[in-house]
Amino acid sequence: MTETSRLKECGFAAVMVVLSTAFLVRAFMYPAASSQFPRFLMLLQLIFSAALFILSLRIPKAANEGGFKIAALYAPTKVFVSSTVYVLAIGYLGYFAATALFLCGSMYWFGKHRPIVLIGVSGGFILTIYALFVLFIGVRLPEGLLI
C-alpha cells in the first residue's frame with residue numbers, strides 16, 4: 001500500500017470514528033423505548049470504525065510514491081455529486097421518482113449502459129422498497145411534486 005493510500009485509509013477511519021461517536025451520542029437522546037436498535041447499530045459502527053482505524057495505523061509505511069494526483073478525486077467527486085443531487089431531488093420529486101432517476105442515472109454515469117439493466121434494477125428496487133416499507137410496515141416515504 002502506498003503512503004498516500006495509507007494516509008487516506010487512516011483519515012477515512014478517523015472521520016468514521018468521529019461520526020460514529022456523534023451518532024451514538026445522538027442515539028442516546030432518543031426515547032428509551034425506540035432507541036435500542038439505533039444504539040446497537042451505532043455502537044457496532046463505532047467498533048468497526050475503531051478497528052479499521054487501528055488496522056490502518058498498523059499498515060507499514062511505504063516509500064515515497066511521487067505525490068498527490070488530482071485524478072484520484074474523480075470517482076469520489078462523481079459519487080458526492082450524484083448523492084447530493086439525489087438528496088436534493090427527493091424533496092422536489094418524491095422518494096420513488098428521485099430514487100428511480102438516481103439509480104438509472106448513477107448506473108449510466110458509472111458505466112452500465114444497457115437500458116434493460118437500468119430499468120430492471122431500478123424498477124425492482126422501487127417495487128421492493130414500496131412493498132416492504134409502504135405496504136407491509138406502513139411507513140410514509142417523502143412525497144414531492146410527482147409522487
Side-chain angles (χ1 to χ4, degrees), residues 1-115 117-134 137 139-144:
M1 178 177 273
T2 63
E3 182 64 21
T4 302
S5 297
R6 181 181 171 277
L7 289 174
K8 286 180 186 177
E9 187 82 19
C10 288
F12 173 76
V15 168
M16 288 306 298
V17 166
V18 170
L19 287 174
S20 299
T21 304
F23 289 144
L24 182 61
V25 168
R26 179 71 178 155
F28 275 95
M29 293 179 188
Y30 296 150
S34 63
S35 68
Q36 290 177 350
F37 188 66
R39 287 178 188 178
F40 170 74
L41 283 181
M42 291 304 103
L43 182 62
L44 196 62
Q45 182 175 326
L46 179 61
I47 290 169
F48 286 133
S49 299
L52 177 64
F53 183 69
I54 291 167
L55 290 175
S56 63
L57 286 176
R58 296 181 63 200
I59 296 172
K61 292 184 178 181
N64 188 4
E65 67 187 42
F68 176 75
K69 294 179 179 62
I70 195 73
L73 295 177
Y74 182 66
T77 302
K78 284 173 65 172
V79 171
F80 177 75
V81 168
S82 64
S83 299
T84 303
V85 169
Y86 169 61
V87 168
L88 294 174
I90 289 175
Y92 294 104
L93 303 177
Y95 176 78
F96 294 110
T99 301
L101 290 173
F102 171 72
L103 288 173
C104 286
S106 293
M107 285 188 288
Y108 182 79
W109 202 19
F110 288 105
K112 296 289 183 193
H113 299 283
R114 293 179 46 210
V117 172
L118 298 176
I119 294 168
V121 169
S122 297
F125 182 79
I126 293 296
L127 288 174
T128 302
I129 294 299
Y130 182 79
L132 287 175
F133 288 97
V134 176
I137 301 176
V139 174
R140 291 181 46 139
L141 295 173
E143 297 177 0

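Every value quoted in this text rests on a predicted model; they were computed, and no experiment measured them. Start at 1 with the first residue, then count along the sequence. Both backbone and side-chain heavy atoms feed into the values below; hydrogens, waters and symmetry mates do not.
The structure places CD1 of I47 at 11.0 Å from CD of Q45, a figure rounded to the nearest 0.5 Å. L52 contributes atom CG, which lies 7.0 Å from atom CZ of F12 (distance to the nearest 0.5 angstrom). Note that CG of L19 and CG of L24 are 12.5 Å apart. Values are rounded to the nearest 0.5 Å. In this structure, L46 CG and T21 OG1 are separated by 4.5 Å, a value rounded to the nearest 0.5 Å. To the nearest 0.5 angstrom, I119 atom CD1 is 11.5 Å from R114 atom CZ. Within the model, atoms NZ of K8 and OG of S56 stand 14.0 Å from one another, a figure rounded to the nearest 0.5 Å.
Listed by chain and residue number, Y86 satisfy the ring-ring contact (aromatic ring centres under 6.0 Å, His included) test with F102 (two or more places apart in sequence, or in another chain). A search for ring-ring contact (aromatic ring centres under 6.0 Å, His included) contacts involving F125 returns nothing, not counting sequence neighbours. Shown here are the side-chain contact (heavy atoms from CB on, under 4.5 Å) partners of S122, two or more places apart in sequence or in another chain: L103, C104, M107. Among residues two or more places apart in sequence or in another chain, the side-chain contact (heavy atoms from CB on, under 4.5 Å) test is passed with V87 by none. By the ring-ring contact (aromatic ring centres under 6.0 Å, His included) test, Y108 pairs with H113, sequence neighbours left out. For F110, the side-chain contact (heavy atoms from CB on, under 4.5 Å) test picks out K78, V79, S82, S106, with sequence neighbours left out.
Residue F96 is tested with I129, I90, L127, L101 for a side-chain contact (heavy atoms from CB on, under 4.5 Å); the sole match is I129. Results of the side-chain contact (heavy atoms from CB on, under 4.5 Å) test with S49 over V18, V17, V15 single out V17 as the only residue that passes.
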* **Working for side-chain contact (heavy atoms from CB on, under 4.5 Å), residues W109 and V81** => CA-CA 11 Å; W109 202 19; V81 168; 4.2 Å; yes
